[in-house]
K.L.:
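Mind looking over this structure? Questions follow.
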Amino acid sequence: MIPAAPVITVDGPSGAGKGTVSRLLAEALDWRFLDSGALYRLVALAARKRALAMDDEAGVIEIAGNLDVRFETVPGVETVRVWLGDEEVSHAIRTESCADDASRIAAIAGVRRRLLARQRAFRGPPGLVADGRDMGTVVFPDAAIKFFLTATPKERAQRRYKQLKEKGIDVNLRNLLEEIARRDQRDQAREVAPLRPAEDALVVDTTGQPVAAVLQCVVETIRVRGLWVG
Ligand code: DC
């Protein structure tokens, strides 16, 4: 039997630096990359486009099961281009309102079930870096290495503020801090696949650490575990 391709999971709350670190890590290893949050955001966006309420469970579950999406990785570019049907939605899925909708529909068990196989399908040689909330606990429990990135709520809000401003999205820092706290609470308190570190995860506090330092720490761990072949 061919052994399954190795997976490195990077979980944590929003603004902990997961997105940037896991994307750069996938690029450095030349592995595949899964931005699982984008899938939840896409379901939420597709639901909005059909004027569905986020608590219309049957409608949202149906959307999650028939999502027509495409991810396009552009070498050297940090963000992944995302398509919903024929429409590029790379920017539309990054707004705070879409993140809020995503956090709501992510609490629906049927939505998570529908997205499970789609997420697992990203696994393939030479390996996969998977970014999310439940990558190490539910989607890839057999991952070779599991990271859980955290940072103080204040720092995470400041990072999100900077990221959104750079993308030309207008936000207010205080509102952002409140929204992030609300989303964290919802993601941690939900019954299905709540946000929490896997028992065998390495928790990395990124507060006050630049991306390069976090990446170096992650890379060192991977080297020590013998997964780095570069
Ligand atoms: O990582 P992100 O900010 O793009 O995720 C948006 C929302 O999607 C987040 O609030 C919770 C949900 N999510 C999830 O429940 N499970 C994942 N694996 C990824 C994201």
Side-chain angles (χ1 to χ4, degrees), residues 7-23 33-48 54 60-61 63-64 67 69 71 78-82 84 89-123 128-141 143 146-151 153 156-157 159-164 167 169 171 176-198 201 206:
V7 180
I8 295 174
T9 56
V10 187
D11 288 306
S14 44
K18 291 172 294 140
T20 314
V21 167
S22 49
R23 175 91 180 82
F33 175 60
L34 164 62
D35 172 2
S36 63
L39 288 174
Y40 288 93
R41 287 170 183 258
L42 281 157
V43 172
L45 184 69
R48 278 263 168 233
M54 296 302 134
V60 178
I61 290 170
I63 286 180
L67 210 53
V69 301
F71 292 94
E78 197 190 293
T79 47
V80 176
R81 292 182 78 186
V82 188
L84 184 61
V89 293
S90 315
H91 294 293
I93 59 164
R94 296 297 159 200
T95 63
E96 283 307 287
S97 68
C98 189
D100 193 63
D101 287 347
S103 164
R104 286 173 200 279
I105 59 99
I108 303 172
V111 167
R112 306 198 74 86
R113 256 196 315 274
R114 293 286 149 81
L115 294 182
L116 203 54
R118 191 184 280 271
Q119 293 173 85
R120 289 185 174 149
F122 276 77
R123 186 175 200 164
L128 172 72
V129 177
D131 160 4
R133 303 288 191 290
D134 62 341
M135 298 295 99
T137 49
V138 175
V139 184
F140 302 108
K146 301 176 184 179
F147 293 100
F148 190 91
L149 268 47
T150 61
R156 292 191 284 115
R159 286 185 193 157
R160 293 288 293 159
Y161 179 78
K162 206 166 149 256
Q163 272 174 3
L164 292 167
K167 286 184 184 146
I169 300 173
V171 278
L176 202 55
L177 188 58
E178 284 169 11
E179 277 166 24
I180 283 185
R182 215 173 27 240
R183 242 172 22 233
D184 284 354
Q185 159 65 19
R186 197 186 294 134
D187 293 346
Q188 285 162 356
R190 70 181 173 222
E191 276 176 29
V192 278
L195 168 67
R196 62 171 174 80
T206 70

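We count ligands from 1, going down the list as the structure has it; atoms in each ligand are counted the same way. What you see is a predicted model; the values in this text were computed from it and never measured.
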K.L.:
Considering only the protein, which heavy-atom contact is closest to atom 20 (C) of ligand 1, and what is its distance?
P.N.:
G37 CA, 3.5 Å
K.L.:
Who gets closest to atom 16 (N) of ligand 1 by heavy atom: R112, K18, E96?
P.N.:
R112
K.L.:
Quick one: nearest non-hydrogen protein atom to atom 12 (C) of ligand 1, plus distance?
P.N.:
A106 CB, 3.7 Å
K.L.:
Give yes or no for whether the N/O distance cutoff of 3.5 Å, strictly under, is met between S36 and ligand 1.
P.N.:
yes
K.L.:
Should you measure from each heavy atom of S103, which atoms of ligand 1 turn up under 4.0 Å away?
P.N.:
10 (O)
K.L.:
At their closest point, which heavy atom of A44 faces which heavy atom of C98, and how far apart are they?
P.N.:
CB-O, 4.3 Å
K.L.:
Does some non-hydrogen atom of R186 fall short of 4.0 Å from ligand 1?
P.N.:
no
K.L.:
Specify the closest pair of heavy atoms between P13 and D184, including all atoms of both residues, with the distance to one decimal.
P.N.:
CB-OD1, 3.7 Å
K.L.:
Do R183 and E96 sit within salt-bridge range, that is, some charged N less than 4.0 Å from a carboxylate O?
P.N.:
yes
K.L.:
Could you tell me which non-hydrogen atom of D134 sits nearest to which non-hydrogen atom of A193, and how far apart they are?
P.N.:
OD2-CB, 3.6 Å
K.L.:
Considering only protein heavy atoms, which is closest to atom 9 (C) of ligand 1, and at what distance to one decimal place?
P.N.:
R133 NH2, 3.3 Å
K.L.:
Output the list of atoms in ligand 1 that are nearer than 4.0 Å to some heavy atom of M135, sorted by atom number.
P.N.:
18 (N)
K.L.:
Any donor-acceptor pair under 3.5 Å linking the side-chain atoms of R159 with those of T206?
P.N.:
yes
K.L.:
So does Q188 get a backbone contact from the side chain of R196, meaning a donor-acceptor N/O pair under 3.5 Å?
P.N.:
no
K.L.:
Using 4.0 Å as the upper bound for N to carboxylate O, is an ion pair formed by D100 and R186?
P.N.:
yes
K.L.:
For atom 7 (C) of ligand 1, find the nearest protein heavy atom and state the residue, atom name and distance (0.1 Å precision).
P.N.:
A102 CB, 3.8 Å
K.L.:
So if I count the atoms of ligand 1 from 1 in the order they appear, which ones are less than 4.0 Å from some heavy atom of R41?
P.N.:
2 (P), 3 (O), 4 (O), 6 (C)
K.L.:
Could you tell me the residue and atom name of the protein heavy atom closest to atom 8 (O) of ligand 1, and the distance to it rounded to 0.1 Å?
P.N.:
Y40 CB, 3.6 Å
K.L.:
How far apart are the closest heavy atoms of S36 and M135, and which atoms are they?
P.N.:
OG-CE, 3.3 Å
K.L.:
Could you list the atoms of ligand 1 found under 4.0 angstrom from a heavy atom of D187?
P.N.:
9 (C), 10 (O), 11 (C)
K.L.:
If you measure from each non-hydrogen atom of R182 to ligand 1, which part falls under 4.0 Å: side chain, backbone, both or neither?
P.N.:
neither
K.L.:
Where do A198 and K146 come nearest, in terms of heavy atoms and distance?
P.N.:
CB-CD, 3.8 Å
